[in-house]
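Working notes, structure below.
Fair warning: this is a prediction, and the values are worked out from it, not measured in the lab.
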Protein chains: 2
Amino acid sequence: MADRDWRCEDPEQQLVWASATSEALRVLEGKWKIVIIIQLFAAKSPLRFSELERRIEGVNQKMLIQQLRQLEKDGIVTRMVYPQVPPKVEYTLTEMGIALGPSVEALIDWAFMRREALGSQSETGTDKSG
Amino acid sequence: MADRDWRCEDPEQQLVWASATSEALRVLEGKWKIVIIIQLFAAKSPLRFSELERRIEGVNQKMLIQQLRQLEKDGIVTRMVYPQVPPKVEYTLTEMGIALGPSVEALIDWAFMRREALGSQSETGTDKSG
DNA sequence: CCGCATCCTAAGAGATACTG
DNA sequence: CAGTATCTCTTAGGATGCGG
């Protein structure tokens with residue numbers, strides 16, 4: 001697997017990895033995608049649209065739908081529609097979405113390490129002097 | 001660490017993780033950042049600006065500088081200027097950058113799994129019928 | 001060799017109102 | 001409940017030319 005020798009010095013291999021990873025990362029880009037994924041992991045069960053909306057503070061319908069659609073298109077989540085009144089739609093992680101586990105885990109870990117490292121520094125981004 | 005119980009069911013904890021990870025991910029966003037980071041990992045030694053430019057196909061100076069500056073601001077890379085003629089500038093990973101190793105590794109791994117899973121599907125993005 | 005300034009286009013993000 | 005449509009603002013991305 002790639003995790004054995006990804007630091008090897010073969011320049012061509014670097015290019016392959018870099019471009020593949022760059023593409024993969026684009027799947028996670030978007031202000032709410034990682035949040036959605038973490039919520040789905042945490043739930044361990046399908047989540048309705050309104051459930052996601054409730055759990056994710058600050059998101060609006062358009063953004064949530066847009067991000068969900070992109071995740072669906074990229075094969076990360078599955079959208080299940082129950083043809084009933086009132087409508088019911090549930091979202092789950094696909095196998096490929098579940099396979100993101102280690103990445104998400106590593107990212108969470110790094111995020112917290114970073115937060116601790118930044119420590120007392122302002123996180124409000126008020127430093128615009130630079 | 002977070003990797004022990006990040007799937008716990010505490011809703012508040014989810015929000016904390018999700019937002020922290022979302023912020024962390026923003027550090028990696030940008031078309032060339034992960035590419036730069038992988039190149040720096042692979043090099044195992046400082047890289048000059050021109051070296052990076054040479055190794056990263058398709059990037060132009062403005063983008064490379066822009067992304068490097070953001071990575072520097074976010075504490076991922078260090079910029080070392082040698083006051084000489086002609087100018088020489090070298091970039092290295094900071095400790096926080098090196099700490100990204102597991103995340104990058106997991107991402108590379110997932111990227112390749114995904115590529116295999118997609119298999120024979122077109123990767124050129126020519127399918128615009130949807 | 002390294003980097004900045006300018007100008008431009010495309011995409012991301014969000015508020016609001018409307019539909020089945 | 002779930003989703004669409006429209007409009008607006010900001011940011012990312014990129015081509016080109018100039019300067020220390």
* Quick one: do L15(B) and I56(A) end up in the same hydrophobic cluster if we chain Ile, Leu, Val, Met, Phe, Trp and Tyr together by side-chain heavy atoms under 4.5 Å apart? -> no
Show which side-chain atoms of residues 75-92 of chain B pair as donor or acceptor with protein atoms under 3.5 Å away, not counting sequence neighbours.
from, atom 1, to, atom 2, distance (Å)
Y82(B), OH, E90(B), OE1, 3.0

* Asked: chain A on DNA chain C: first and last contacting nucleotide, 5' to 3', under 4.0 Å to a heavy atom?
  -> dA13(C) to dG20(C)
* Structure fact -> Taken in chain and number order and not counting sequence neighbours, the residues that satisfy ring pair (Phe, Tyr, Trp, His ring centres under 6.0 Å) with F41(B) are W6(A)
* Asked: Honestly curious: do V16(A) and L25(A) fall in one hydrophobic cluster under the side-chain, below-4.5 Å linking rule?
  -> yes
Which donor-acceptor pairs under 3.5 Å do the side chains of residues 58-69 of chain A make with protein atoms, sequence neighbours left out?
from, atom 1, to, atom 2, distance (Å)
N60(A), OD1, K62(A), N, 3.3
N60(A), OD1, M63(A), N, 2.8
Q67(A), OE1, W32(A), N, 3.2
Q67(A), OE1, K33(A), N, 3.4

* Work out how much the helix from dC1(C)-dG20(D) to dG20(C)-dC1(D) bends between its end axes, five pairs an end, to the nearest 10 degrees. => 50°
* Heavy-atom closest pair, residues F112(B) and A20(A) -> CE1-CB, 3.9 Å
* Flag the pair R26(B) and E23(B) as a salt bridge only when some basic side-chain nitrogen lies within less than 4.0 angstrom of an acidic carboxylate oxygen. => no
* Which residue lies toward the 5' end of DNA chain C, Q70(A) or K88(B), if each is placed at its nearest nucleotide? -> K88(B)
* Structure fact -> Note: chain B reaches DNA chain D at heavy-atom distances under 4.0 Å over the stretch, first to last nt, 5' to 3', of dG13(D) to dG20(D)
* Asked: What does Q67(B) touch in the nucleic acid at a heavy-atom separation under 4.0 angstrom: a base, only the sugar-phosphate, or nothing?
  -> sugar-phosphate
* How far apart are the closest heavy atoms of I34(B) and S22(A), and which atoms are they? -> CG2-CA, 3.6 Å
* Asked: Taking a hydrophobic cluster as the set of Ile, Leu, Val, Met, Phe, Trp and Tyr residues connected by side-chain heavy atoms closer than 4.5 Å, whether directly or through intermediates, do M113(A) and W17(B) fall within one such cluster?
  -> yes
* Asked: What nucleic acid atoms does R79(A) come within less than 4.0 Å of, heavy atoms only: base, sugar-phosphate, or nothing?
  -> sugar-phosphate
* To do: Please check if atom CD in Q13(A) has more than 12 non-hydrogen atoms from other residues, nucleotides or ligands closer than 6.0 Å.
  => yes
* Asked: Counting heavy atoms not belonging to E72(B), are there more than 12 under 6.0 Å from its CD?
  -> yes
* 5′-ward residue of the pair N60(B)/I65(A) relative to DNA chain D -> I65(A)
* Asked: If you find the nucleotide of DNA chain D closest to E29(A) and the one closest to V81(A), which residue's nucleotide is nearer the 5' end?
  -> V81(A)
* Asked: Base, sugar-phosphate, or nothing for Y82(B), non-hydrogen atoms under 4.0 angstrom?
  -> nothing
* Asked: Which is true for K31(B) with a 4.0 Å heavy-atom rule: it touches a base, it touches only sugar-phosphate, or it touches nothing?
  -> sugar-phosphate
